[in-house]
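Let me begin by presenting the structure, written as structure tokens, before commenting on it.
Just so you know, these numbers use all the heavy atoms, side chains as well, and skip hydrogens, waters and symmetry mates. Numbers here are sequence positions counted from 1. All values derive from a computational prediction rather than experimental measurement. In each ligand, atom 1 is the first atom listed, and ligand 1 is the first ligand listed.
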Amino acid sequence: MSISDNLLKFKKELPGHVKLIAVSKTKPAEAIREAYNCGQRDFGENKALEMAEKSTQLPGDIRWHFIGHLQTNKVKYIAPFVSLIHAVDSLKLLKEINKQAGKNHRIINCLLQFHIATESTKFGMNLEEALEMLHDEGYKNLNNIRITGVMGMATFTDNTDQISREFAQLRKVFERLKKDFFSQAPYFCEISMGMSHDYKIAIREGATLIRIGTAIFGERNT
Ligand SMILES: *Cc1c(COP(=O)(O)O)cnc(C)c1O
């Protein structure tokens, strides 16, 4: 199946409230252009320099999603154009994003990443850490960032009950934060969860953004 066939299949299958992010990491600009020509506009990358490089080669109306672990010293490369940073897991990082967003006269949308999987290699905060951050005076002064929701990755397993439980947990975190911090903020509305192997479960559990790489572009180039 070609990239366009794969995209068409997703377009037919996805409910209207779920946005597809085509994860193009390791893929060349031509592959992204093929998806773009089918109408796809949201693309996900996990390396700052790779994303910055591709953004200069491709049309300006692409919405670039940064989905990986972001080091503070790399924020400056993506701050001029990034559409949504999915994986914010510390106040330190949020402060740097705020600073770089200010330099570019922008407000950058961010998601808080939560650790919902059993693997210790996956990044993310727990609920206590997030509550502490949202109560911090340092957070309240950040005028160039906007937190628009949460993101998480489930354990890589065939156990679908476990995946469901982990996604349900992320949704609960979202609802808790919505109630306690963002009840007056309609922009706090995104739950980014689900990849090629588990997106159907994620949608059942309330995903609004799914991040799909392999099922669109095929196996990654290494
Ligand atoms: C690579 C990646 C994806 C896409 O994974 P696939 O299994 O190829 O769909 C989604 N989210 C994150 C955070 C990733 O790093």
Side-chain angles (χ1 to χ4, degrees), residues 1-11 13-14 18-28 31-32 34-35 38 40-52 54 62-71 74-75 78 82-90 93 97 109-125 148-160 162-164 166-167 169-171 173-174 190-222:
M1 296 257 284
S2 68
I3 291 172
S4 42
D5 290 340
N6 293 336
L7 275 172
L8 265 177
K9 181 177 149 292
F10 273 101
K11 295 260 147 70
E13 173 184 339
L14 295 184
V18 177
K19 184 184 267 186
L20 173 66
I21 297 166
V23 175
S24 48
K25 61 192 187 194
T26 78
K27 296 293 169 184
I32 299 177
E34 185 176 341
C38 301
Q40 181 67 26
R41 290 294 179 272
D42 291 271
F43 292 91
E45 293 281 339
N46 70 343
K47 296 218 162 63
L49 288 167
E50 184 177 338
M51 185 163 104
K54 285 174 179 172
I62 287 180
R63 291 181 291 269
W64 293 100
H65 296 254
F66 194 83
I67 62 169
H69 183 66
L70 183 56
Q71 292 170 279
K74 301 278 169 61
V75 175
I78 64 170
V82 67
S83 175
L84 178 62
I85 298 177
H86 285 237
V88 172
D89 59 0
S90 72
L93 176 58
I97 296 169
N109 291 335
C110 299
L111 305 179
L112 299 182
Q113 181 175 10
F114 286 89
H115 186 266
I116 53 173
T118 52
E119 295 119 332
S120 61
T121 50
K122 289 186 174 141
F123 292 98
M125 296 185 281
T148 61
V150 301
M151 178 268 202
M153 290 168 87
T155 303
F156 191 80
T157 173
D158 292 332
N159 184 338
T160 54
Q162 182 181 352
I163 296 172
S164 283
E166 292 176 354
F167 285 152
Q169 186 194 336
L170 184 60
R171 187 190 176 134
V173 167
F174 170 84
E190 303 290 9
I191 304 179
S192 169
M193 59 185 186
M195 306 167 42
S196 292
H197 65 283
D198 59 13
Y199 72 91
K200 288 184 183 159
I201 306 173
I203 291 171
R204 278 203 295 278
E205 297 299 340
T208 63
L209 302 171
I210 59 170
R211 310 177 308 269
I212 307 292
T214 323
I216 295 171
F217 294 107
E219 290 302 317
R220 268 183 285 283
N221 311 354
T222 45

field: Distance-minimising heavy-atom pair for His115 and Gln169
entry: O-NE2, 4.5 Å
message: Using 30° and 60° as the class boundaries, would you call the ring planes of His69 and Phe123 parallel, tilted or perpendicular?
response: parallel
query: Under the 3.5 angstrom rule, does the side chain of Glu190 hit a backbone N or O of His86 as a donor-acceptor pair?
result: no
field: Within-shell test, Arg220 vs ligand 1, heavy atom, strictly < 4.0 Å
entry: yes
message: Which residue and atom name correspond to the protein heavy atom nearest atom 13 (C) of ligand 1, and how close is it?
response: Ile67 O, 3.5 Å
field: Identity and separation of the nearest protein heavy atom to atom 9 (O) of ligand 1
entry: Ser196 OG, 2.5 Å
query: Tell me, do Glu34 and Ser2 make a side-chain contact under 4.5 Å, heavy atoms counted?
result: yes
task: Show which atoms of ligand 1 fall inside a sub-4.0 Å distance from at least one heavy-atom site of Gly213.
output: 4 (C), 6 (P), 8 (O), 9 (O)
task: Below 4.0 angstrom from a heavy atom of Ile212, which ligand 1 atoms are there? Numbered from 1 as shown, please.
output: 9 (O)
task: Please could you name the atoms of ligand 1 that Thr214 approaches to less than 4.0 Å, counting only its heavy atoms?
output: 6 (P), 7 (O), 8 (O), 9 (O)
- request: Run down the list Met195, Lys25, Arg211 and name the one with the heavy atom closest to atom 14 (C) of ligand 1.
  value: Lys25
- prompt: If you look at every heavy atom in Glu119 and Thr155, which pair is closest and at what distance?
  reply: OE1-CA, 3.3 Å
field: Side-chain touch Lys200/Ile203, heavy atoms, less than 4.5 angstrom
entry: no
